[in-house]
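Okay, so here's the structure we're looking at.
Because only heavy atoms are used, hydrogens play no part in the values below, and waters and symmetry mates are left out as well, while side chains stay in. Below, read A as the first sequence line, B as the second, and so on, with proteins coming before strands; counting in each chain starts at 1.
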Amino acid sequence: MTSYLERLNPEQREAVETVDGPLLVLAGAGTGKTRVLTTRFAHILLSGRASPGQVLAVTFTNRASREMRERVAVILGRPVEGLWLGTFHALCARMLRRHAEYVGLTSSFTILDTDDQLRLLKQVMELHRIDIKRWPAPGLMGAIQRWKDRGLTPDRITPSEDTDFAGGKARQIYGDYQERLRQLNAADFGDLMLHIVEILRTRPDVLAQYHRAFRYILVDEYQDTNTIQYLWLRLLAQREGFPSNICCVGDDDQSIYSWRGAEVENILRFEKDFPGATIVRLESNYRSTAPILGAASGLIAHNEGRMGKTLRPGREDSQGDKVLIASVWDSDEEARLVGERIEQLHREGNTLSEMAILVRAGFQTRAFEERMITLGLPYRVIGGMRFYERAEIRDAIAYMRAMNQPSDDLAFERIINLPRRGVGDVALSALHSRARADRVPMTEAVLRLLADGTLKGRVRDQLGQLMATLERGRIGLAEAAQGEQIAPVHIRVVETLLEESGYIDMWKRDKSPDAPGRLDNLKELVRALVDFETLGGFLEHVSLVMENDENAGADRVNLMTLHGAKGLEFDNVFLPGWEEGLFPSQRTMDESGNKGLEEERRLAYVGITRARKRALISHAANRRIYANWQSSIPSRFIDEIPEEHAERMGSTSLAREQLRNAPTVFSGQFPLMAKRPRAIESWEQPGRAPRSDTLAPGTRVFHQKFGYGIVKSADDNKLDVEFEKAGFKRVLDNYVQQVSEGEIGADIGTGS
DNA sequence: GTCGTTGCGTTTTTT
DNA sequence: ACGCAACGAC
C-alpha cells in the first residue's frame, strides 16, 4: 500500500510525509524533485487527507503539468479526474472565468496573444500622440508587463515607480490600455493573474470559498515565481486560524528567469512568509558523476546570498571523467572540435539523443547546425520552431502529407475525423482491420470499404468527399510537376485542400477565443510554402524542423539554449562559447550588474548539472559576431571551476599567449574589465582612422583570422590579399599588420 | 492592400 | 551580415 514511499531516500521521504504545515523543499539539480512532488501528491490522496479536487498543484509550463498528471496517475494506478493541476495561468484563467464580473469582464472573455496585445497598445499610444519611433511600443509593453508581474494595477503605480517612458505618460497609457481590454472583454496573460489577485484581495467571500476548497497546495519551481504569483499563492495559503499547507519545491541556484520578473527573494524569504516552515534539503544527486558535481558546486560557490546546499554524489558509481575544458582558436574550430567529439562518442556506442549542445544564445546554434550537416550527424534544434508544434499546424501538415503520400497512415488517421465526419471507434477499427487484412494503406482501405458498402450513410458521404478532395489535390500536384507552370501551383492546391476538406471551416465555425489566431497561423503556414518548389520539398523541410511523431524518438543530437535545457538531462553535454561578454553576457552585466552576473553563473551551473557522464566546456579566442571577427578572453566561470575536477585540452597555452595580444574589447562597444590584456596599438582596433602608411602590393601581412599573406593590390583602405592558408580575400587594411621578412611572430592561429 | 525599399537592432522565454 | 519592421509608392 505504501510501497511508493519505500523507493525514496530519507530526505525525500521527509519531504513527502511532512504533509501538514508549510514546507520548503530545496531540491538541488538531479535530486529527485519531480519524484518528491508527484509522490507527495499521491500520498495526500492515498492517505485520505484530501480528495483530488482539494489539492491545488501549480507548475510553470504545460509540459510540467502534463508530466505531473501522468506520474501521479502511475502511482495511483489510474487517471485522476477533477484535479486543480495546471500552470499558474491556466488555473487563474479557470478561476477568473468564474468571477470575471468583479473586474468588469464576462466569463467568456478572450485571452489575447502577444501580437494582439502589442497592436492594442499601439492604438492606445497613437491616441496619446506618442511618437512611436522614439518610444517603441514593445518597450512600454515590457514595462506594463513588469508592473503586472508585480501586482501593480494602474492606480497603484506611484510617480516614483512610473518610468519616464513616453514622456511620463506611461502610467496613463497603461490605464487606458486596461480600459480598452475591458471594453473588448479581453485579458492579456498578465491580467489572468492580476485580475484574480485583485478579486481575492477585495472579495473576502470569494477568497473564503477557495480557502475551503483547497486543503493542500503544491508549487513547482518556486524560485521562478514573480511577485504576483507569490501574492496569489500567499492569499490562497494563508488562512486565519489555520496552518498553511503549502509545499513549495525549488532551487535558488537554478533561478534563471529574473529578466522576466521572477524573484529569487520569494524562495529566500519563505520562512518569514510562512512562520514555522519546515525546510528539507535534497542534496543527494543521482544524476551526475562526482567530477561533474564537483565542478558545478565549485562554480556556484562563487555566488553570494544562497540558501546553501551541497550536491553529494548519490550514485554508487559516481567516479567518472573530469570536466573537459577546451581552448580553441576560433568558433569554427570549436564547432569542429565538438563535432569530432560527438562522432567519437557515437562510435564508442553513445546514442546521439543522449548528447546535447547547450548555448547561451540562439544564434550560436547555427555554427553547430552547419557542422552537423557536413558531418552527416542528425540533430534537432529544440525551442527554435514552436510554430510547427501547434495543433492546427500539425493538422494542416497532416492533410498535406495525406495528400502527398496516400500511404501515410499516421497523417491520414490524424485528419480522418477532423472536422468530425462521423468516423467513430467502430468505423475506425473496421478500417484498421481491413487495412491489415488486405495489407494496404488506410486510404486504400477506405476506398474498398466504400466500394463494398460497409460504410453507409453520413460516414460514407463524408469520407467519399474527403477521398475525392485528396485525389483532386494529387492530380493538381501531378499537373504542377509536369507542366512548366509557375511555382505557386502547389500553394493553390494546398489552399483548396484545406478549404474543401472543411478544415478551415471548422476553425471559422469555432467560437473559442483562439480560433482567429489559429486561422492566422494556417495562413502563415500556407505562406511558408512559397519558399519551396514543390510540396514534397516543403514537407521534407518541415519534417526536419518539426519534432513530429515519427522522429521524436529518433537518434539525434540535441541543440538548444541553456534556458531551454533546464529540467532536462543528457549523458554528454557540450557547453561552447564560455567567453567573457558572451557568457557571462555583457548585456546582462551592464543591465543588472552583480545580480546579473550571479544569474549568469546560475545558468552555467544549470548547464553543467545537465550532464550525467561527461561535460565539455569550450571557449574560442576569436568569434565572428555579426560582420567581423572579435577576440575574446575565456569566461571567468572557467577559472571558477576547481582544477581537480577539470582537464584542460586544446591550445590553452596558445590561447593564453593570444590573450596577451588580444584587443580589450569584445563587442567593440564595451570594455572588458576582468582581465586587462594590453592591446598592441595599430591593427586590432577597428573603427579608427585608416592607417596612414600604405601597404604596397607585395607586402607581407598578418591577419588575425586569415593568417599570413601577400598583398596583391590596394584600393584605398581595401586590400586584396593572397593568404597562405585562407586563399584570396579582400580585407580592410585596418585588420592586417605588416610583417617584416624573417619575423616569425606567434603563429598561434593554426594550432589545430 | 501589396510590394519594395530603407533603416535599425541584434540574449535568454512561458503563458 | 542579416532579418524584420515600418513606411511609402502603386
Note to self: Regarding A:Gly190, tell me which of base, sugar-phosphate or nothing describes its non-hydrogen contacts under 4.0 Å with the strands shown.
What the structure shows: nothing
Note to self: What is the separation between atom CD on A:Glu600 and atom C1' on B:dT12, rounded to the nearest whole Å?
What the structure shows: 8 Å
Margin query: Using the rule salt bridge (charged side-chain N to carboxylate O under 4.0 Å, His left out), only one of A:Glu265, A:Glu304, A:Glu600 pairs with A:Lys595; which is it?
Written below: A:Glu265
Notebook entry, point to check: Quick one: A:Leu358 CG to B:dT12 P, roughly how many Å, whole number?
Noted result: 14 Å
Item checked: A:Leu118 CG - B:dT15 P separation (whole Å) -> 20 Å
Check: Between atom CG in A:Asn226 and atom C1' in B:dT14, what is the gap in whole Å?
Finding: 11 Å
Check: Do you know the tightest heavy-atom contact between A:Phe214 and A:Val55?
Finding: CD2-C, 4.5 Å
Next item on the list: Could you check how far NE2 of A:His89 sits from P of B:dT15, rounded to whole Å?
Entry: 8 Å
Notebook entry, point to check: If the C1' atom of C:dC2 is compared with that of B:dT13, how far apart are they to the nearest Å?
Noted result: 23 Å
Next item on the list: Would you kindly give the CD-to-C1' distance between A:Glu598 and B:dT12, to the nearest whole Å?
Entry: 18 Å
Notebook entry, point to check: Base, sugar-phosphate, or nothing for A:Gln229, non-hydrogen atoms under 4.0 angstrom?
Noted result: nothing
Check: Quick one: do the A:Thr87 and A:Ser65 side chains pair a donor with an acceptor below 3.5 Å?
Finding: no
Checklist line | Length of the line joining A:Arg63:CZ and B:dT13:C1', which is rounded to integer Å | finding: 13 Å
Check: Are A:His99 and A:Tyr210 near enough that their ring centres are under 6.0 Å apart?
Finding: yes
Note to self: I need the A:Arg636 CZ to A:His302 NE2 distance, nearest 0.5 Å.
What the structure shows: 11.0 Å
Notebook entry, point to check: Can you find a side chain N or O atom of A:Lys566 that sits less than 4.0 Å from OP1 or OP2 on B:dT12?
Noted result: no
Note to self: For B:dT13, is there a stacking contact with A:Tyr257, counting only centres under 5.5 Å and planes under 30°?
What the structure shows: no
Note to self: I'd like the P distance from B:dT12 over to C:dA5, given in whole Å.
What the structure shows: 15 Å
Margin query: Between A:Ser585 and B:dT12, is there a contact of a side-chain N or O with OP1 or OP2 at under 4.0 Å?
Written below: no
Margin query: Just to be sure I understand the rule, does A:Lys122 reach a base, reach only the sugar-phosphate, or reach nothing, if contact means heavy atoms closer than 4.0 Å?
Written below: sugar-phosphate
Item checked: From B:dT12, B:dT14, B:dT15, nucleotide with atom closest to A:Phe189 side chain -> B:dT15
Check: Given atom CG of A:Asp220 and atom C1' of B:dT14, what is their separation to the nearest angstrom?
Finding: 14 Å
Check: Considering only side-chain heavy atoms of A:Ala361, which listed nucleotide, B:dT13, B:dT12, B:dT15, is closest?
Finding: B:dT12
